[in-house]
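Because the structure is a prediction, the values reported are computed rather than measured. Note that the numbering runs from 1 along the sequence shown for the chain. Order of listing sets the numbers, starting from 1, for every ligand and every atom in it. No hydrogens, no waters, no symmetry mates; every other heavy atom, side chains included, goes into these values.
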Amino acid sequence: MKDTSKHQGLRNQLVKLLEEKGITDKNVLEAINKIPRHMFLDSGFEQYAYQDKAFPIGAGQTISQPYTVAFQSQLLEVKKEHKILEIGTGSGYQTAVLCRMGAKVFSVERQLELFKKTSRFLPTLGLNPKKFVFGDGYKGLPEDAPFDSIIVTAGAPFIPNPLMAQLKIGGRLVIPLGDKNQVMTLLVRASETKFVKQEFGEFRFVPLLEDKN
Ligand code: SAH
């Protein structure tokens with residue numbers, strides 16, 4: 001699949017829309033402007049790639065809506081060289097945005113099919129996360145902790161303790177919480193024992209599932 005000036009034009013429009021919807025982080029907008037989202041979708045959906053919508057990516061999963069990706073990325077307050085743990089690699093689009101922003105990304109996926117497909121695909125775009133892991137995101141990644149921030153890209157019924165434990169002091173955990181709809185939740189680690197919570201409205205995600213390995 002090629003990236004053409006037509007695709008670039010559609011990305012410019014998408015970025016404008018995201019700005020209108022309230023996204024202000026220039027680095028987030030710049031990354032979305034550069035990542036060829038159409039390459040993350042099956043070819044049948046290519047024409048919809050730059051609409052602000054979620055789409056099926058196989059294995060019953062979805063690529064998150066661009067606004068959701070932008071919103072979560074903005075909440076992370078990404079700095080270059082930040083170590084970021086992502087739970088739910090999926091298509092790798094969110095992973096790509098964080099890599100493009102200069103973060104060192106560690107991404108965990110529990111669906112073998114998606115893990116294989118995405119860990120092969122992203123490097124072909126010149127985007128190289130630090131680590132792709134096939135495993136259960138509820139456990140985080142203790143061997144690579146602590147992280148500057150953690151992003152969960154599936155709806156979680158509760159905040160997994162290991163994720164809180166693997167956050168640096170001052171670090172940020174962005175996690176959609178809830179059953180049917182999810183409340184976007186930010187947890188900032190103020191000290192060893194203190195976490196400050198903020199909530200940011202409703203979103204819709206596929207569920208964060210318990211381990212089946
Ligand atoms: N950021 C992805 C979102 C994919 S949907 C994208 O934009 O494409 C959420 C993903 O989380 C799915 O791929 C799903 O398989 C994965 N997932 C669900 N439960 C998980 C768990 N316990 N550990 C790791 N990944 C999980």
Side-chain angles (χ1 to χ4, degrees), residues 14 18 23 28 31-32 35-42 45-46 48-76 78 84-101 103 105-122 125 127 129 131-142 144-145 147 149-164 166 173-182 184 203-213:
L14 174 61
L18 296 176
I23 304 298
V28 170
I32 288 176
I35 309 255
R37 189 171 188 262
H38 61 284
M39 295 186 189
F40 292 74
L41 301 178
D42 291 338
F45 294 128
E46 188 188 344
Y48 304 113
Y50 297 104
Q51 295 184 4
D52 192 19
K53 287 187 180 148
F55 272 99
I57 52 172
Q61 304 305 324
T62 54
I63 177 171
S64 300
Q65 186 182 341
Y67 175 69
T68 304
V69 171
F71 195 87
Q72 287 195 282
S73 303
Q74 176 163 293
L75 281 183
L76 290 174
V78 181
I84 302 184
L85 173 63
E86 177 189 39
I87 307 301
T89 315
S91 69
Y93 180 69
Q94 171 75 71
T95 323
V97 168
L98 297 174
C99 287
R100 174 87 207 189
M101 292 174 77
V105 185
F106 298 71
S107 191
V108 182
E109 172 59 54
R110 72 184 277 286
Q111 289 269 2
L112 188 57
E113 184 192 327
L114 288 171
F115 161 76
K116 283 187 184 162
K117 188 172 167 191
T118 302
S119 52
R120 279 183 206 135
F121 165 65
L122 271 191
L125 296 181
L127 297 165
K131 223 184 199 183
F132 284 110
V133 179
F134 173 56
D136 178 16
Y138 276 94
K139 301 190 178 82
L141 220 49
D144 294 296
F147 297 96
S149 58
I150 301 178
I151 174 173
V152 179
T153 73
F158 57 88
I159 303 177
N161 279 329
L163 299 187
M164 291 169 70
Q166 292 169 28
L173 167 63
V174 176
I175 181 166
L177 283 177
D179 259 355
K180 199 154 176 261
N181 293 314
Q182 291 81 30
M184 192 60 75
F203 289 78
R204 260 194 115 154
F205 286 84
V206 295
L208 187 70
L209 299 171
E210 295 278 4
D211 194 8
K212 61 164 190 182
N213 299 314

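- Annotation: the span from Ser149 atom OG to Leu75 atom CG amounts to 10.5 Å, rounded to 0.5 Å.
- On a distance-only criterion, Leu209 and ligand 1 share at least one N/O pair closer than 3.5 Å.
- Looking at Pro207, Gly155, Gly137, Ala96, it is Gly137 that brings a heavy atom closest to atom 23 (N) of ligand 1.
- Annotation: ring-ring contact (aromatic ring centres under 6.0 Å, His included) contacts of Phe132 (sequence neighbours excluded): none.
- Closest heavy-atom approach to atom 17 (N) of ligand 1 among the candidates Arg110, Glu113, Gln65: Arg110.
- Applying the salt bridge (charged side-chain N to carboxylate O under 4.0 Å, His left out) test to pairs two or more places apart or on separate chains, none has a residue in residues 61-70.
- Not a single N or O atom of Tyr93, backbone or side chain, sits closer than 3.5 Å to an N or O atom of ligand 1.
- Looking at Glu109 next to ligand 1, an N or O pair under 3.5 Å apart turns up.
- Taking the ring axis of Tyr93 as reference, the NZ or CZ atom of Arg37 stays within 45° of it and closer than 6.0 Å to the ring centre.
- The aromatic ring centres of Phe40 and Phe45 sit 6.0 Å or more apart.
- Between the side chains of Thr95 and Glu86, at least one donor-acceptor pair of N or O atoms lies under 3.5 Å.
- Backbone and side-chain nitrogen or oxygen atoms of Ser91 are examined, and one is located within less than 3.5 angstrom of a nitrogen or oxygen of ligand 1.
- Only the side chain of Leu114 comes within 4.0 Å of ligand 1, counting heavy atoms alone; its backbone N, CA, C and O stay farther away.
- Checked by distance only, ligand 1 and Gln111 stay at 3.5 Å or farther apart across all their nitrogen or oxygen atoms.
- Where the criterion is an N or O separation shorter than 3.5 Å, residue side chain and backbone included, Leu208 fails it with respect to ligand 1.
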